[in-house]
S.K.: 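There's a structure below that I have some questions on.
Note that ligands are numbered from 1 as they come in the structure, with each ligand's atoms numbered from 1 the same way. Remember, predicted model here, so these are calculated numbers, not experimental data. Nothing fancy with the numbering, it's 1 onward along the sequence.
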Amino acid sequence: MTQKIIFSGIQPSGNLHIGNYIGAIRQWVKLQDQMTDRDGNELIFCIVDLHAITVYQEPKILREKIKEVAALYVACGIDPQKAHIFVQSENPDHSCLAWIFDCIIPLGWMKRMTQFKDKSATQKDSTTVGLFNYPALMAADILLYDTTHVPVGEDQRQHIELTRDIAERFNKIFSPTFSLPRPMIDKSAPRIMSLQSPRSKMSKSDKDPGGTVNLLDPPEEIRNKIRRAVTDSGKEIRVGADKPALTNLLTIYAKFSGKSVKEIELMYQGKGYADFKNDLAEVVIAALKPIQQKYQALRQDSAGLEKILDDGRNFAGGKSAKKTKQVRTAVGLGRYTTRK
Ligand code: ATP
Ligand code: LTN
């Protein structure tokens with residue numbers, strides 16, 4: 001078997017929600033459980049705080065969210081004995097490499113990024129250079145660790161394709177330094193949509209809190225959000241292109257109950273939306289309960305959480321220092337080829 005180095009990250013830019021869980025963290029846990037460390041496999045999960053500040057974050061809240069995301073990774077099943085968890089800004093190699101990439105990426109490549117186009121449209125005048133450069137930093141995150149696979153949601157595919165192009169360009173201009181990572185996108189982990197506008201994705205930065213079910217929402221809030229979720233015209237509880245809201249709710253039900261969408265459709269034949277929504281709320285509450293309990297325990301043990309993040313930082317820093325030295329030498333930076 002060949003070595004797998006898995007790297008992924010989430011921005012601490014708000015509350016983690018069931019879309020982040022179904023689309024990202026659950027895949028990471030599955031991968032972790034399938035992998036052994038026999039073949040030199042590595043799992044690295046980052047809290048990408050430098051990416052979060054590409055749009056303004058209130059400093060006190062950001063600091064809190066960084067710890068919250070770290071604890072949620074573990075509460076959702078990431079095992080710090082098997083995976084390395086660290087905070088991006090604690091390893092300066094990321095921003096150093098991002099700058100070097102900024103200096104070799106043709107402007108035209110960056111201008112094509114659809115996430116920038118979408119996000120800058122919502123930011124208008126406050127759009128920053130950092131938001132534009134976001135993909136260069138993401139490429140640095142991935143390439144610093146000789147990553148082979150990047151498990152993410154479909155919305156990140158373009159950034160990973162760009163990462164491969166950047167690696168190839170660097171290797172060609174200077175010397176072979178980076179290996180090419182592959183995206184790992186789970187076709188069965190669809191985009192979870194907003195409960196209030198089912199044609200747009202559930203997102204941390206959604207202005208309408210009613211559209212997003214957060215992993216740490218108390219049961220009563222989950223019941224309220226699901227009760228108020230928009231539905232489609234007609235009474236039937238089924239999936240279909242003409243039923244975006246029901247398709248989304250049925251998908252969430254299926255993902256959290258382990259039942260198939262077909263089975264759930266049959267269970268609710270002839271029943272009303274109220275019954276369906278009440279049951280869905282209970283399914284989600286039951287699935288999130290163990291995560292919330294584990295999260296509370298982890299937050300009570302702040303020394304334990306600090307240790308996980310210290311160990312993660314030490315591991316990441318040790319590994320990226322070697323790559324950074326190689327890069328500096330290849331580019332001709334500094335007076336020495338070593339960092340000290
Ligand atoms: P923001 O609103 O701040 O951009 P976000 O909620 O879109 O944040 P990210 O931090 O950009 O979340 O994404 C983290 C991971 O979660 C990525 O792998 C992304 O593909 C996945 N993801 C985010 N939202 C969803 C969703 N609604 N459904 C499925 N996967 C999602
Ligand atoms: N842009 C990603 C977050 C992210 C990431 C990464 C994901 C930053 N660096 C490296 C995978 C690998 C997002 O999900 N919005």
S.K.: Apply the test side-chain contact (heavy atoms from CB on, under 4.5 Å) to residues F7 and E42: give CA-CA distance (whole Å), side-chain angles for both, the deciding distance (0.1 Å), then the verdict.
M.R.: CA-CA 8 Å; F7 185 102; E42 281 166 2; over 6 Å; no
S.K.: Quick one: which ligand 2 atoms are inside 4.0 Å of a heavy atom on V150?
M.R.: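 Result: 11 (C), 12 (C).
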S.K.: Is it the side chain, the backbone, both or neither of A24 that has a heavy atom closer than 4.0 Å to ligand 1?
M.R.: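 It is the side chain that touches ligand 1; the backbone stays farther off.
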S.K.: Could you check whether F86 and H94 have their ring centres less than 6.0 Å apart?
M.R.: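 Yes; F86 has its ring centre under 6.0 Å from that of H94.
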S.K.: Strictly below 4.0 Å, N to O, side chains only: are E64 and K60 in salt-bridge contact?
M.R.: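 Judged by the 4.0 Å cut-off on N to carboxylate O distance, E64 and K60 do not form a salt bridge.
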S.K.: Tell me whether K207 at atom NZ has more than 12 heavy atoms from other residues, nucleotides or ligands lying less than 6.0 Å away.
M.R.: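 No, NZ of K207 has 12 or fewer neighbouring heavy atoms, counting only those of other groups under 6.0 Å.
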S.K.: What protein heavy atom sits nearest atom 1 (P) of ligand 1, and how far off is it?
M.R.: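 Result: S205 OG, 3.5 Å.
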S.K.: Can you tell which of H94, H51, Q156, Q115 gets a heavy atom nearest to atom 2 (C) of ligand 2?
M.R.: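 It is Q156 that holds the nearest heavy atom.
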S.K.: Just heavy atoms, cut-off under 4.0 Å: does S203 contact ligand 1 by side chain, backbone, both, or neither?
M.R.: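 The answer is both.
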S.K.: Once the angle between the rings of H159 and Y134 is folded into 0 to 90°, is it parallel (under 30°), tilted (30 to 60°) or perpendicular (over 60°)?
M.R.: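 Judged by the thresholds at 30° and 60°, the geometry between H159 and Y134 is tilted.
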S.K.: So which protein heavy atom does atom 20 (O) of ligand 1 come closest to, and at what separation?
M.R.: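 I find the closest protein heavy atom is D155 OD1, 2.6 Å.
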S.K.: Should H17 be listed as contacting ligand 1, given a heavy-atom distance under 4.0 Å as the test?
M.R.: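 So H17 counts as touching ligand 1.
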S.K.: Please list the nearest protein heavy atom to atom 3 (C) of ligand 2 with its residue and the distance rounded to 0.1 Å.
M.R.: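 Residue, atom and distance for the closest contact: G9 O, 3.6 Å.
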S.K.: Considering only protein heavy atoms, which is closest to atom 22 (N) of ligand 1, and at what distance to one decimal place?
M.R.: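 Going by distance alone, atom 22 (N) of ligand 1 is nearest to N20 ND2, 3.8 Å.
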S.K.: Taking the minimum heavy-atom distance to atom 18 (O) of ligand 1, which of G23, S13, G153 ranks first?
M.R.: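 Closest candidate by heavy-atom distance is G153.
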S.K.: Check each of S200, G19, P12 against atom 29 (C) of ligand 1 and report the one with the nearest heavy atom.
M.R.: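 Among S200, G19, P12, the closest heavy atom to atom 29 (C) of ligand 1 belongs to G19.
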S.K.: Below 4.0 Å from ligand 1: does a non-hydrogen atom of I10 turn up there or not?
M.R.: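 In this structure, I10 qualifies as a contact of ligand 1 - some heavy atom is under 4.0 Å.
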S.K.: Among protein heavy atoms, which lies nearest atom 1 (N) of ligand 2, and at what distance?
M.R.: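 Among all protein heavy atoms, the one nearest atom 1 (N) of ligand 2 is Y134 OH, 2.6 Å.
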S.K.: Could you tell me whether some N/O pair between D141 and ligand 2 is separated by less than 3.5 angstrom?
M.R.: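 It does: an N or O of D141 is found under 3.5 Å from an N or O of ligand 2.
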S.K.: Would you say the side-chain atoms of Q32 pair up with the backbone N or O of G77, donor to acceptor, closer than 3.5 Å?
M.R.: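 Here the side-chain-to-backbone pair exists.
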S.K.: Just checking, any donor-acceptor pair under 3.5 angstrom between side chains of Q88 and D141?
M.R.: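 Short answer, yes.
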S.K.: Nearest protein heavy-atom contact for atom 27 (N) of ligand 1: which residue, which atom, what distance?
M.R.: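 Residue, atom and distance for the closest contact: I192 O, 2.7 Å.
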S.K.: Between ligand 1 and K119, can you find any atom pair, the residue atom being a heavy atom, that is separated by under 4.0 Å?
M.R.: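 Right, K119 reaches ligand 1.
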S.K.: Decide, yes or no, whether a salt bridge links E154 with K187 under the criterion of side-chain N to carboxylate O below 4.0 Å.
M.R.: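 Salt bridge flag = no for K187 with E154.
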S.K.: Should you measure from each heavy atom of Q11, which atoms of ligand 2 turn up under 4.0 Å away?
M.R.: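 Every atom of ligand 2 under 4.0 Å from some heavy atom of Q11: 15 (N).
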